[in-house]
Amino acid sequence: MSETEPTTPPAPADFIRDIVAGDLQSGKHPLSVTRFPPEPNGYLHIGHAKSICLNFGIARETHGRCNLRMDDTNPTKEDVEYVESIQADVDWLIRGWADDRLGRKVPGDVSGTAVLPSEASGRSLEPFFASDYFEQMLAFAVELIRRGKAYVCDLTPEQMSEYRGVPERPGKPSPWRDRSVEENLDLFERMRQGEFPDGTRTLRSRIDMASPNIHLRDPALYRIRHATHHRTGDRWCLYPMYDYAHPISDYLEGITHSICTLEFEIHRPFYDWVLQSLDLPRTLPRQIEFARLSLGYTVMSKRKLLQLVEEGLVTGWDDPRMPTLSGLRRRGVRPEALRAFAAAIGVTKYNGLTEVSVFEGCIRDDLNLVALRRLAVLRPIKVVLTNIAEGETHWFDAVNNPSQPELGTRKIAFTRELWIDSDDFMEVPPPKYFRLRPGGEVRLKYACIIRCDEVIKDATGAVVELRCTADLETRSGGANAAKKVKGTIHWVSAAHAIRAEVRLYDRLFTEEAPEAEGRDFKSVLNPESALTVTALLEPSLAEARQSDRFQFERVGYFTLDVPYSPTGVAPASVPLIFNRTLGLKDSWAKEMAKK
RNA sequence: UGCCCGAUGGUGUAAUGGUAGCACAACAGUCUCUGAAUCUGUUUGUCAUGGUUCGAAUCCAUGUCGGGCAACCA
């Protein structure tokens, strides 16, 4: 069997998948329906990728469905820019993997009815929006009022906070708690009509002001917000709270398993309260919580990412150093690597810190298999081969990917003047240095062995040129091809090389836990996280396409820079810029760093 | 001085009362026209104390440590 054959990894197992499998087996639900419900107030990041892979992974493994839903109940924070980027990022991450399980809807339909791509029959589909359910939510709220389970409260935000009490001590009931159903109905309707200014009244659930769970102390269902919503415009001035909107949205869409992160654990009793208070006919969804991802050397909260963007500490949400999906994509990380990562870290309720090396390993494993090998010199020194005539050109074959021979070979030119990387020559090398040194020999990858005869320096003593002799007998197929030397280095022909900007991205922070010990995460930004060099590349790289992945041999993985565009269309003329996705492992550098 | 949740090598995770396994990291070696990849090997763990049981990482009790909860945010 070829090692390039896509192997089917065993389906991941975790406590959530166990629950879903159990509910399917018991017949509680005939089909699993999950959902991915981001609020469109920022860009998706690798933490969301964990959730997407979980929710869509379950849909994929159980032949169920996963709805994409914008949780847009707070007009003051949300924007269509985010709606669009979220759709693009989800599509990118699940394409060819679980996109056939993606539940969306027909535009205009507010019933919660999902349509799978296979059922679209030519219709265009769009994600679900919590704001599409505002009418139904309102009707349910009226029902809660009628049942005596909700009331209009006139307390100010400050008063409400005071009445709520603290976790250790019970709260006290609002003086408005016992209004009549008629008065509540009337007030609520007038709230909806826009009669009252922001902050003057709320609709509250009536549960238990003495509950040890503070989220059960009559939490708010609706607040007044005279604001323009990115989708419903000025139609509403009354907006439901997350805790109320979420269970109803889930129910309306027939969600069976509502998977969220641990901080919502304490909200679960309220989630159940809303649904149970309504005497709904269908089987209710179950909320299940798991630990969010925290990854070393980065920050994950939208607030902090927004801060990096707004303060210009990065170039945007899609800066290749950002943990956002758009940033990772621009950096050259493929969805396959993100999915492998999600499978590798698992799903539990334990709040740990995942080492970046796990993620980097997934990226390298993925890229190693697909990346086209190329020769590129990042920090050049000139080599002159004194026994090669000017104008003399030899053409050598170079394989594109040693693990995938079907990717073929290319010709590379070998001439009198070459560039090699400055790392690959040392005048006074340390022990075990296998590269070029005065009087030493090294193999030029795909070409032949050269010997360094002379070191030319400028007035300051800096090395400007190496005069060497090439032994063409040692080239592939040559009489002495089998000759062994310790080192093999990469190079490009000076006459053929093209120039390009190469951006050497690195970790954004110098500390594994940037915000540990209460420090400001911005105080540990890595000043060398985005170095730029002008590199000399083999000419085939001029034809690089966006979808290509390259390994600059002995250097790292690179891809063409493609800034995010909301329209999905790349700018007409793209200058040749390569982004470093990740360096190759470098045990020599590691060895040196020890000393 | 409340409530909810959690704790398995350095890190993440598996073992669902019956041999503590896997991955990453680290280290050593192999191989190499990439100091990459590959391949081989090594080191390191059940938070503590009691209890139940023929048998406990798993069940129970107590404690310790960690996370979360007091927006008209999600």
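- Of the two residues near RNA chain B, P212(A) and R554(A), the one whose nearest nucleotide lies more 5' is P212(A).
- Protein atom CG of D154(A) is 13 Å distant from nucleotide atom C1' of C72(B), rounded to whole Å.
- Both distances falling under 3.5 Å, in either a Watson-Crick or a G-U wobble arrangement, occur for no nucleotide opposite U16(B).
- Nucleic acid contact class of K445(A) (heavy atoms, under 4.0 Å, all strands): base.
- To the nearest angstrom, P of C3(B) lies 19 Å from CG of L262(A).
- Comparing U16(B) with A57(B), their P atoms sit 12 Å apart, to the nearest whole Å.
- Aromatic ring pairs are classed by plane angle as parallel below 30°, tilted from 30° to 60° and perpendicular above 60°; the pair H246(A) and Y242(A) is tilted.
- Considering only side-chain N and O atoms, K590(A) lies under 4.0 angstrom from the phosphate OP1 or OP2 of C27(B).
- T156(A) comes within contact range of at least one nucleobase, with a heavy-atom separation under 4.0 Å.
- Of the C1' atoms belonging to U58(B) and U8(B), the separation is 11 Å, rounded to the nearest Å.
- Per the stacking criterion (ring centres < 5.5 Å, plane angle < 30°), W588(A) stacks onto the base of G35(B).
- The existence of a salt bridge linking K445(A) and E553(A) is confirmed by a sub-4.0 Å separation between a basic side-chain nitrogen and an acidic carboxylate oxygen.
- Nucleotide C31(B) has no partner under the Watson-Crick or G-U criteria, as no pair reaches both atom distances under 3.5 Å.
- Closest to the side chain of Y350(A), out of G6(B), A74(B), G2(B), is G6(B).
- Taking atom CZ on F552(A) and atom P on A36(B), their separation rounds to 20 Å, with Å as the unit.
- Among the atoms of the strands shown, only primed sugar atoms or phosphate atoms (P, OP1, OP2) are found under 4.0 Å from some heavy atom of M241(A).
- Comparing G68(B) with A61(B), their P atoms are spaced 26 Å from each other, to the whole Å.
- Contact annotation for Q551(A): base contact, defined as any heavy-atom pair under 4.0 Å involving a base atom.
- With both pairing distances under 3.5 Å, A70(B) is matched to nothing as a Watson-Crick or G-U wobble pair.
- At U34(B), none of the side-chain N or O atoms of R435(A) fall inside 4.0 Å of OP1 or OP2 (strictly under the cut-off).
- Using a 4.0 Å cut-off between a side-chain N of Lys or Arg and a carboxylate O of Asp or Glu, E189(A) and R192(A) qualify as a salt bridge.
- For Y557(A) and F550(A), the gap between ring centers reaches or exceeds 6.0 Å.
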*Intermediate values then yes/no, side chain to side chain donor-acceptor pair (under 3.5 Å), E158(A) and Y163(A)*: CA-CA 9 Å; E158(A) 297 73 32; Y163(A) 276 70; over 6 Å; no

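- Among the atoms of the strands shown, base atoms are found under 4.0 Å from some heavy atom of L584(A).
- Pair assignment for A7(B) gives U64(B), based on Watson-Crick or G-U wobble hydrogen-bonding distances that are each under 3.5 Å.
- Counted within 6.0 Å of CZ on R292(A), heavy atoms from surrounding residues, nucleotides or ligands total 12 or fewer; the atom is thus considered open.
- When heavy atoms are screened at a 4.0 angstrom cut-off, H267(A) is found touching base atoms of the nucleic acid.
- Residue K585(A) has a polar side-chain atom (N or O) positioned under 4.0 Å from OP1 or OP2 of A25(B).
- Across all strands shown, Y433(A) has heavy atoms under 4.0 Å from base atoms, whether or not it also approaches the sugar-phosphate.
- Taking atom P on both nucleotides, G12(B) is separated from G67(B) by 14 Å, rounded to a whole Å.
- Look at R379(A) and D423(A) and you find no salt bridge, because none of the NZ, NE, NH1 or NH2 atoms lies under 4.0 Å from a carboxylate O.
- Residue-level contact check: I449(A) touches neither bases nor backbone, having no heavy atom under 4.0 Å from any strand.
- Regarding E591(A), its CD atom lies at a distance of 9 Å from the P atom of C27(B), rounded to whole Å.
- Side-chain N/O atoms of T348(A) include one lying less than 4.0 angstrom from OP1 or OP2 on U13(B).
- Counting only heavy atoms from C-beta on, I214(A) has its side chain closest to A70(B) among A70(B), U34(B), C73(B).
- When heavy atoms are screened at a 4.0 angstrom cut-off, R373(A) is found touching base atoms of the nucleic acid.
- Here C33(B) presents its C1' atom at 9 Å from CD of E553(A), a figure rounded to the nearest Å.
- Atom pair L353(A):CG and G67(B):P shows a separation of 13 Å (rounding to whole Å applied).
- Both N351(A) and E265(A) sit near RNA chain B, but only E265(A) has its closest nucleotide nearer the 5' end.
- Between the C1' atoms of C31(B) and U64(B), the separation comes to 50 Å (whole Å).
- Base orientation of A71(B): syn (glycosidic angle within 90° of 0).
- Phosphate proximity of C33(B) to K484(A): present, with a side-chain N or O under 4.0 Å from OP1 or OP2.
- With a cut-off of 3.5 Å on both pairing distances, the Watson-Crick or G-U wobble partner of A26(B) is U42(B).
- Between the CZ atom of R164(A) and the P atom of C72(B) there is a distance of 5 Å, rounded to whole Å.
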_With side chain to side chain donor-acceptor pair (under 3.5 Å) as the criterion, how do R507(A) and T298(A) come out once you've worked through the C-alpha distance, each side chain's angles and the decisive distance to 0.1 Å?_
CA-CA 8 Å; R507(A) 295 165 181 172; T298(A) 192; over 6 Å; no

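- Each of R177(A), R164(A), K172(A), K149(A) was scored for a salt bridge (charged side-chain N to carboxylate O under 4.0 Å, His left out) with D218(A), with one residue passing: R177(A).
- For the C1' atom pair drawn from A25(B) and U42(B), the interatomic distance equals 14 Å after rounding to whole Å.
- Here G199(A) lies in heavy-atom contact (under 4.0 Å) with a base.
- For C33(B), its base sits under 3.5 Å from the side chain of S476(A) at one donor and acceptor pair at least.
- In terms of phosphate contacts, S587(A) brings a side-chain nitrogen or oxygen within less than 4.0 Å of OP1 or OP2 of A36(B).
- Using a 4.0 Å heavy-atom cutoff across all strands shown, Y222(A) reaches no nucleic acid atom at all.
- Between the side chain of H215(A) and the base of A71(B) there is no donor-acceptor pair of N/O atoms closer than 3.5 Å.
- Here V166(A) lies in heavy-atom contact (under 4.0 Å) with a base.
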*For salt bridge (Lys or Arg N to Asp or Glu O under 4.0 Å), just list the numbers for K483(A) and E441(A), CA-CA rounded to whole Å, side-chain angles, deciding distance to a tenth of an Å, and then say yes or no.*
CA-CA 11 Å; K483(A) 180 174 176 183; E441(A) 286 186 320; 3.2 Å; yes

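- For G67(B), the base has no donor-acceptor partner in the side chain of E263(A) [N/O atoms by modelled type, under 3.5 angstrom].
- Comparing A14(B) with G45(B), their C1' atoms sit 13 Å apart, to the nearest whole Å.
- The CG-P distance, from L293(A) to U13(B), rounds to 10 Å in whole Å.
- If you take atom P in G18(B) and the same atom in C59(B), they sit 11 Å apart, rounded to whole Å.
- In this structure, G171(A) reaches neither bases nor backbone, as no heavy-atom distance under 4.0 Å exists between it and the strands shown.
- A57(B) is unpaired under the criterion used here, namely a Watson-Crick or G-U wobble arrangement in which both key atom distances are under 3.5 Å.
- Among the atoms of the strands shown, base atoms are found under 4.0 Å from some heavy atom of E355(A).
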